[in-house]
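First the structure, in the form of structure tokens, and then the observations on it.
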Amino acid sequence: MSSSDERVRERLRGVAVGLLTPFDQHLDIEYEKIGDNAESLYESGIRTFLAAANISEYHSLSNEERVAVTEASVDALPSDACVLAGVGGSTANAKELIRAYDRVGADAMMIMPPDHTYLHEQGLLQYYRELASVTETPLVPYVRGFDPSVSYMADLTRLDGVVGIKYALPDPVKLGAAVEAGADDVVWVDGLAEPYAVSFWTEGIEGFSAGVSNFRPEVGLELFDALSDGDWERARKLRDACLPFQNFRDRSGRDNDIPGAVSVPTVKKGLELAGLHGGAVREPLRPLTDEEERRVEEIYDQLTDDIDRLVG
């Protein structure tokens, strides 16, 4: 086990925030604002950061932009921070990204959920083996958008280079079975943010990705401490404070039936309300309507009241 592997494992045992990509009115990236957000979140106590992730609008970025936003994140943060960079697509494309991320100093590779229409579990395992063959940097596969078997996830934990798994299936029973069947040295991370942190914790997760905590990190850090201390009543209260905002993110928005369409622009609005940088969104997303923005502001005000009451 390398020191870098253990360092990444330790950082996965915490709150991982996504660094959203701030676009200007022309939909160009404002790289300096990525650094500003990262520095502010670090000063608040966050040590684990996801760059070029789903919430960063990974699929709306070119490979060059993915590398550039990751480099901006790495450069803005002290050496004790951990930056996981999103990797996906074909094997050749993913290997190219990994090599580029290694050059800019990413600490780990978060392998994005497979976006293929047709999948084979053994083929996916081979995909991860191929990616591991071109780097010494730890891998963290992201399980979302398909329904894998427990045996597949157990096999995934035993691949060379895999130090953690970001689990984003709304199925705590399957999670518990996979944790039990998998390798002991892999860190399981809740990829469905604060709403699932309590139930997933009892099944074996040791960290979680941020929802509300992307812009109000104090609530995530307090939730993590409550879970670590076994203070379930406090953990549930902190989780419940996040639910209105997280539930709003699941909405489809105007003239659309696909759930979750407002998720990224809602978090970007939260960043702006918290004094950070959000910015525009690229297609295939759409900005919030004026009515949606007003509703997010109302939810944010209630969130602030709840945080003041629970965290102080």
Side-chain angles (χ1 to χ4, degrees), residues 1-20 34-35 37-56 69-87 98 101-102 104-112 131-132 135-143 156-157 159-168 179 182-194 196-197 200-201 204-229:
M1 178 176 62
S2 73
S3 59
S4 63
D5 287 357
E6 186 52 40
R7 177 175 172 274
V8 173
R9 287 189 183 95
E10 185 58 33
R11 286 294 181 232
L12 292 175
R13 299 183 180 104
V15 184
V17 304
L19 291 172
L20 282 76
I34 298 173
N37 285 351
E39 289 171 3
S40 178
L41 291 164
Y42 180 90
E43 290 170 2
S44 297
I46 297 296
R47 295 294 179 268
T48 308
F49 300 83
L50 310 177
N54 265 346
I55 202 167
S56 314
V69 300
T70 299
E71 184 172 21
S73 306
V74 170
D75 289 349
L77 291 163
S79 60
D80 64 331
C82 179
V83 177
L84 288 80
V87 175
I98 286 172
Y101 287 149
D102 275 339
V104 301
D107 298 288
M109 310 296 169
M110 185 176 70
I111 314 303
M112 300 292 284
L131 302 192
T135 185
E136 297 296 320
T137 304
L139 307 183
V140 180
Y142 186 179
V143 178
L156 189 56
T157 68
L159 294 183
D160 289 344
V162 172
V163 301
I165 294 179
K166 184 179 178 183
Y167 179 89
V179 171
D184 293 338
D185 61 348
V186 165
V187 179
W188 291 81
V189 176
D190 160 24
L192 293 175
E194 299 93 353
Y196 283 83
F200 280 9
W201 192 273
I205 68 153
E206 299 180 80
F208 56 88
S209 61
V212 167
S213 306
N214 284 305
F215 53 87
R216 294 300 300 266
E218 64 269 42
V219 72
L221 293 168
E222 288 285 333
L223 175 56
F224 179 79
D225 288 345
L227 292 168
S228 299
D229 294 340

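What you see below is based on every heavy atom in this structure, not just the backbone, and it leaves out hydrogens, waters and symmetry mates.
Between V8 and A108 the shortest heavy-atom distance is CG1-CB, 3.9 Å. Closest approach of A210 and V15 over heavy atoms only: CB-CG1, 4.4 Å. When every heavy atom of A38 is checked against every heavy atom of A76, the shortest pair comes out as CB-CB, 4.4 Å. Summarising the geometry of N214 relative to L41, their closest heavy-atom pair is O-CD2, 3.5 Å, with the distance given to 0.1 Å. When every heavy atom of V104 is checked against every heavy atom of V74, the shortest pair comes out as O-CG1, 3.5 Å.
Aromatic ring centres of F200 and Y167: separated by under 6.0 Å.
For A85, the side-chain contact (heavy atoms from CB on, under 4.5 Å) criterion is met by T70, Y101, A106, not counting sequence neighbours. For R11, there are no salt bridge (charged side-chain N to carboxylate O under 4.0 Å, His left out) partners two or more places apart in sequence or in a different chain.
Rounding to the nearest 0.5 Å places CD1 of I46 at 4.0 Å from CG of L221. Separation of atoms CZ (F49) and CD1 (I34) is listed at 13.0 Å; rounding is to 0.5 Å. Between E194 atom CD and L223 atom CG the span is 7.0 Å, to the nearest 0.5 Å. The CG atom of D190 sits 10.0 Å away from the CH2 atom of W201 when rounded to the nearest 0.5 Å.
Looking at S44, its side chain does come within 3.5 Å of a backbone N or O of S40 through a donor-acceptor pair. S56 contributes a side-chain N or O that, together with a main-chain N or O of L19, makes up a donor-acceptor pair within less than 3.5 Å.
The stretch residues 69-81 participates, sequence neighbours left out, in these salt bridge (Lys or Arg N to Asp or Glu O under 4.0 Å) pairs: R47-D80.
The one candidate from D185, V186, V163 that meets the side-chain contact (heavy atoms from CB on, under 4.5 Å) condition with T157 is V186.
Between R9 and E6, at least one side-chain N (NZ, or NE/NH1/NH2) sits under 4.0 Å from a carboxylate O, which counts as a salt bridge.
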